[in-house]
Amino acid sequence: EISACLVGSEMCIRDSISSAFDSGNIVVVKADDPTGIELEIRPDVGEDHFQWFHYRVSGSKGIALTMSITNARRASYPEGWKDYQACASYDRGHWFRVPTRYEGGELIIEHTPEHDACWYAYFAPYSLDHHQDLIAEAQMVDDVTLQRLGATVDGRDIDLLQVGDDGDDKRSCWIIARQHPGESMAEWFVEGLLDRLLDDEDPVSREVRERACLYIVPNVNPDGSFRGHLRNNAAGKNLNRQWEEPNVEQSPEVFHVRAAMERSGVDLFLDVHGDEALPYNFISGGEGIKSWDNAKAEREQRFSDALLVASPDFQTKFGYPVPEHGEANNTMASNWVGQRFGCLAVTLEMPFKDTADTPHPLGWSPERARKFGAAHLDAILVALRAPR
Ligand code: ZN
């Protein structure tokens, strides 16, 4: 079998593809020929979802690689592969797109690495180490408190950053991200929002902090993130279907975040996600909840209008179908929060691909997600200035 491993520069492709690292996910099926590499994405615990991939190819500098993800047709959102380009990086800081096509139910990535090692991923990863850096840096800023809400299934910390004090006249503004761990753009978004929020020379941030206490959970699902999951936690639960009855053993992440919300109350809630298929930024609101009325509709409209001004990357034409009144799925965070606290509560979706109306050579990217997060403070301020 040794001869099958000899290709080009005497490298063994099979041994040179790895994913045993933070947020890694790939299974090597066949790799004795660099132009016929067959890979599979490993399903999340729970077996009902997969789409996130992240792997490294070593020793392939100058070798034309054709890598087929052969179980792509069975991924959670096969329509997500249409017009999708995979992300790649040599330094794990700058991620670029590489030629990718969806053909015969397989996702085929073709690339000739320019350096010895190249990393490939569904979207620019946001590692747990990076998450720890974010938390560590933020806690050093005056006015920021780090609270460990509890432990995940695997024993990781569930981190909450509280920005500002929770005085009686302050509104409680909650922002959570990465219930679905494969939607890494959500944590890039939070990083950009947090950077601007903690800039005390930014007048918008200063007024937001005067009017509100902000509760930010940058990563609700660290176990799923580390394990390279698309949607589930380590117990195989989709956290955004656990909000009505979170279980301290199966979905402790939601259990603890919800308990903290009950302590603080909620006046504004943003649940940050990525959508595999739609090439748009959009929000999904509370139209389906039982207590929906004109005042709530106006409040959501005001927020959405402000966001349109704050970021040309946002749009309102395309999104999810609007549910009938009373038909909301209350196991989802924004519906549960909107109903429980009667507040503005939305799910925000960003693309994995790109924004169709404002495309960029890098597609949707960490930096664009960061800027989009920062832009949300303009809309949050508009919401905070409006009467309760
Ligand atoms: Zn999601």
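From a predicted model like this one, the values you see are computed outputs, not experimental measurements. Just so you know, these numbers use all the heavy atoms, side chains as well, and skip hydrogens, waters and symmetry mates.
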Undergrad: Any luck finding a side-chain donor-acceptor pair between D91 and S89 under 3.5 Å?
TA: yes
Undergrad: If you draw a 6.0 Å radius around CG in N294, do more than 12 non-hydrogen atoms from other residues or ligands fall strictly inside?
TA: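 Open: at most 12 neighbouring heavy atoms sit under 6.0 Å from CG of N294.
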Undergrad: Would the Y122 and F352 ring centres measure less than 6.0 Å apart?
TA: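 Yes; F352 has its ring centre under 6.0 Å from that of Y122.
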Undergrad: Step through the shown structure and confirm whether more than 12 heavy atoms of other residues, nucleotides or ligands are within 6.0 Å of CD on E137.
TA: no
Undergrad: Can H130 and E191 be counted as having a side-chain donor-acceptor contact under 3.5 angstrom?
TA: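 Yes, E191 and H130 have a side-chain donor paired with an acceptor closer than 3.5 Å.
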Undergrad: Assess whether atom CZ of R92 is packed by more than 12 heavy atoms of other residues, nucleotides or ligands within 6.0 Å.
TA: no
Undergrad: Where does the angle between the aromatic ring planes of F269 and W243 fall among parallel (under 30°), tilted (30 to 60°) and perpendicular (over 60°)?
TA: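 Because their plane-to-plane angle lies in the 30° to 60° range, the rings of F269 and W243 count as tilted.
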Undergrad: Would you kindly say whether S334 and T347 are connected by a side-chain donor-acceptor distance under 3.5 Å?
TA: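 There is such a pair (donor and acceptor under 3.5 Å, judged by atom type) between the side chains of S334 and T347.
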Undergrad: Distance alone, cut at 3.5 Å: any donor-acceptor contact between the side chains of N233 and E253?
TA: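 N233 vs E253: donor-acceptor pair found between side chains.
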Undergrad: Indicate yes or no: does D354 engage R368 in a salt bridge with an N to O separation below 4.0 Å.
TA: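 Yes, this pair counts.
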Undergrad: Under 3.5 Å, is there a donor-acceptor pair between the S76 and H49 side chains?
TA: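 Their side chains do contain a donor-acceptor pair, which is all the 3.5 Å distance test asks for.
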Undergrad: Taking atom types as modelled, is there a side-chain donor on Q179 or D271 under 3.5 Å from an acceptor on the other?
TA: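 Yes, D271 and Q179 have a side-chain donor paired with an acceptor closer than 3.5 Å.
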Undergrad: Would you say H229 and N221 are linked by a side-chain donor-acceptor pair, where the criterion is simply a distance under 3.5 Å?
TA: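 Checked: N221/H229 side chains show no N/O donor-acceptor pair below 3.5 Å.
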Undergrad: Consider only side-chain N and O atoms of D199 and S205, and report whether a donor and an acceptor are under 3.5 Å apart.
TA: no
Undergrad: Is the count of non-hydrogen atoms from other residues, nucleotides or ligands lying under 6.0 Å from K371 atom NZ greater than 12?
TA: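 12 or below, so no.
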